[in-house]
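Hydrogens, waters and symmetry mates are skipped; everything else that's a heavy atom, side chains included, is used. Lettering follows sequence order; numbering is per chain, from 1.
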Amino acid sequence: MTFLEMEDVHKTYGQNAVLRGVDLVVDKHQVVCLIGASGCGKSTLLRCVNALEEIDAGVIRMDGDRVSGRGIDLNDLRTDVGIVFQSFNLFPHMSVLKNITLGPRKVLKISQADAVDRAMVLLESVGLGEKAHEYPDRLSGGQQQRVAIVRALAMGPRLLLLDEITSALDPELVSEVLNIVRSLAADGMTMVLATHEMGFAKEVSSKVCFLHQGVVHEEGPPEQIFGDPTQERTQAFLRKIVEAGRL
Amino acid sequence: MSDFARTEVPVARRVPRVLTYRTASILSLLFPFTGIPALLASLKASRMQRAGRIEDARHDGERARDWCWYSLGYGLLVYFLVFLVILFTIRDFTVSKTFFKVEGALSSAKAWKSLLKGFWINIQVFLWAEGIVLVWALLVAILRLLPGKACKPIRFVAAAYIDLFRSIPAILVLYIIVFGLQTARLPILEDFSVNQYCILALVLVYGAYVSEVYRAGIESIHWSQVAAARSLGLSYGQTMQYVVVPQAVRRVIPPLLNDFIGLQKDTALISAVGTLELLARARFLNNSAATLTGYAMAAILFIVITIPMTRATERLIKSDQKKMRVG
């Protein structure tokens, strides 16, 4: 069943056309991986989905409803779509618990006690129960990113966007974050992730999209994209990844 | 590999800068207390270098350099103190007598009591003004930064207020507000006391400065914080309230303190509209005792109140940072 649908989406910054007609379909419970060189539009695409960027042309539909263009309650849309950023973006002046409960309390209007209960359950599930009252700067990168994932999950999103969430981490901290994504995938969370972790993309995704020059250049199941890419650009990209020892 | 990687400078043969140390240590003799050890060390460094003991030469050269820096630091302080002593003693202690003559009208406890009574007015005025400025300036800064085409007029008015009140001298604003509003007899405002007019004037002037400080703070918060807040579904207002402003305020406490110290001192301006505050009373005392000691006493009172406030704020910042950061 189709959940997210992007049709001919364009996004331009000044002279710089970043998205030039993206078509993308994400089914419910699917994990879709976006791969491609830096600057190919992966991050921009994700930011357009939860309207952190306004698209210039095209349509984005969620669950059949148009969610782009005029007259859309963006705050409402964003409670449905969670995003986790490369650089965590936790609020440094709030404790971990406050970071997580801010959205539920102020946006979903859940009571303080309920929000804390829920946050604690989620924190425990990622192994950070005892860090609830710490401030973000006292945590390691991996811990911060796990908190950021929990913060997004606390809003009860139906779609989770992950924007290169392991790119800013030391190598030994990557797995603790990816494990959470694995278990989310197993639980059936619909996710779109931009990533440079090709091995992980191969393992976890239902579909891989190779972005090149602002369009989805090639898409398919991971075995096909990584094993037998048909497009020359895709082959060239993957060759470089292999040369760098990343696949 | 390239030639670049192969080029070597043999470390052990690098020559210490013996000549530089010598020159510096000779200059250091202006403050012999540390200048002499500097010179001795630099001479030893030269001897060691001539003897081919490069390691020792380096060691002594470093000692010479350290002594030279001590000469600069402590020498300057000592000479400055000497200058002060001379200033206060030449011409048969004229300067001391002018500013620190504690006899006649000024010897009495009455004088201090009178000054303190005046200073109490300054304190009241700046406490009220600071409290109001804290809120008012933040409001102006937020209005100044409202997004969207619809809010353009609001942004414009806020910017105009800031431009206007930063350009007019504070004393002029004071005259305009106090004398202007007294004569204009506007509703509500006509019931204000002179001190309240003064508070209003200082709030208008300092509100303009402080709102720019707030604005700088708000703009310094990285957009990724806003993106994170908005992605949770928080509205623009909620994002400002819970995420941006709390971080911005923490960041601008030092410049805020700066402006508040300025405000405290500028309460002396209200003597110009006939308020019997500290400066006015100091002037009376000077006139009756024919010295300037009253001013010195007034200055001491301002210092006594400003320095503890500065230290207290610094401590507050430290403890807040300690809570949030490692180490």
Side-chain angles (χ1 to χ4, degrees), chain A residues 43 46-47 49-54 73-96 98-109 133-140 144 147-148 150-157 159-163 168, chain B residues 134 138 141-142 145-151 213-256 313-327:
Chain A
S43 291
L46 293 183
R47 297 167 60 82
V49 174
N50 76 340
L52 284 175
E53 303 287 350
E54 207 178 325
D73 185 342
L74 297 181
N75 297 333
D76 200 40
L77 164 69
R78 290 185 187 124
T79 61
D80 252 1
V81 184
I83 186 166
V84 182
F85 303 92
Q86 180 178 344
S87 48
F88 330 136
N89 300 3
L90 294 175
F91 308 128
H93 61 300
M94 295 181 188
S95 68
V96 164
K98 281 242 172 74
N99 261 279
I100 298 167
T101 53
L102 180 70
R105 283 193 301 133
K106 302 299 172 189
V107 180
L108 305 178
K109 311 286 180 198
H133 298 285
E134 286 286 7
Y135 282 81
D137 285 359
R138 288 176 176 262
L139 303 181
S140 73
Q144 289 191 50
V147 172
V150 167
R151 181 173 69 177
L153 291 176
M155 295 295 290
L159 171 65
L160 194 58
L161 310 171
L162 308 175
D163 188 3
Chain B
L134 216 50
L138 182 59
I142 288 170
L145 289 170
L146 280 178
K149 280 180 192 151
C151 294
V213 171
Y214 275 129
R215 181 164 77 105
I218 290 171
E219 286 179 335
S220 78
I221 302 302
H222 199 256
W223 59 265
S224 64
Q225 287 287 306
V226 178
R230 297 309 297 273
S231 78
L232 291 172
L234 268 74
S235 66
Y236 175 85
Q238 287 174 320
T239 302
M240 290 298 270
Q241 187 185 346
Y242 300 115
V243 176
V244 177
V245 170
Q247 292 185 65
V249 169
R250 281 182 173 80
R251 221 172 262 193
V252 298
I253 289 174
L256 225 50
T313 314
E314 279 164 4
R315 196 170 298 172
L316 186 86
I317 296 171
K318 276 232 176 73
S319 76
D320 188 53
Q321 281 175 347
K322 210 167 149 194
K323 192 177 67 177
M324 290 193 289
R325 300 225 169 77
V326 193

Asker: List the atom of A:Gln144, the atom of A:Phe88, and the distance in Å for their closest heavy-atom pair.
Answerer: OE1-CD1, 3.3 Å
Asker: Looking at A:Gly82, A:Gly103, A:Pro92, which makes the most heavy-atom pairs under 4.5 Å with chain B?
Answerer: A:Pro92
Asker: If you count heavy-atom pairs under 4.5 Å with chain B, which of A:Ile83, A:Leu102, A:Asn50 comes out on top?
Answerer: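 Heavy-atom pairs under 4.5 Å are most numerous for A:Leu102.
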Asker: Determine yes or no for a side-chain-to-main-chain donor-acceptor pair under 3.5 angstrom, with B:Tyr214 supplying the side chain and B:Val245 the backbone.
Answerer: no
Asker: For A:Val81, is it the side chain, the backbone, both, or neither that has a heavy atom closer than 4.5 Å to a heavy atom of chain B?
Answerer: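 For A:Val81, backbone heavy atoms alone lie under 4.5 Å from chain B.
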Asker: Can you confirm whether the side chains of A:Asp163 and A:Ser43 place a donor and an acceptor under 3.5 Å from each other?
Answerer: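 The criterion, which ignores hydrogens and geometry beyond distance, is satisfied for A:Ser43 and A:Asp163.
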Asker: Tell me, for A:Leu90 versus chain B, whether the close heavy atoms (under 4.5 Å) come from the side chain, the backbone, both or neither.
Answerer: backbone
Asker: Less than 4.0 angstrom from a charged side-chain N to a carboxylate O is my criterion; do B:Glu314 and B:Lys318 meet it?
Answerer: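 Result for this pair is no, no salt bridge flagged.
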Asker: How about A:Asn99 and A:Arg151: does a side-chain donor come under 3.5 Å of a side-chain acceptor?
Answerer: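 Yes, side-chain donor-acceptor contact under 3.5 Å.
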Asker: Taking side chain as everything from C-beta outward and backbone as N, CA, C, O, which of these in B:Gln238 sits under 4.5 Å from a heavy atom of chain A? Side chain, backbone, both or neither.
Answerer: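 Only the side chain of B:Gln238 comes within 4.5 Å of chain A.
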Asker: Is chain B contacted by the side chain of A:Phe85, its backbone, both, or neither, given a heavy-atom distance below 4.5 Å?
Answerer: side chain
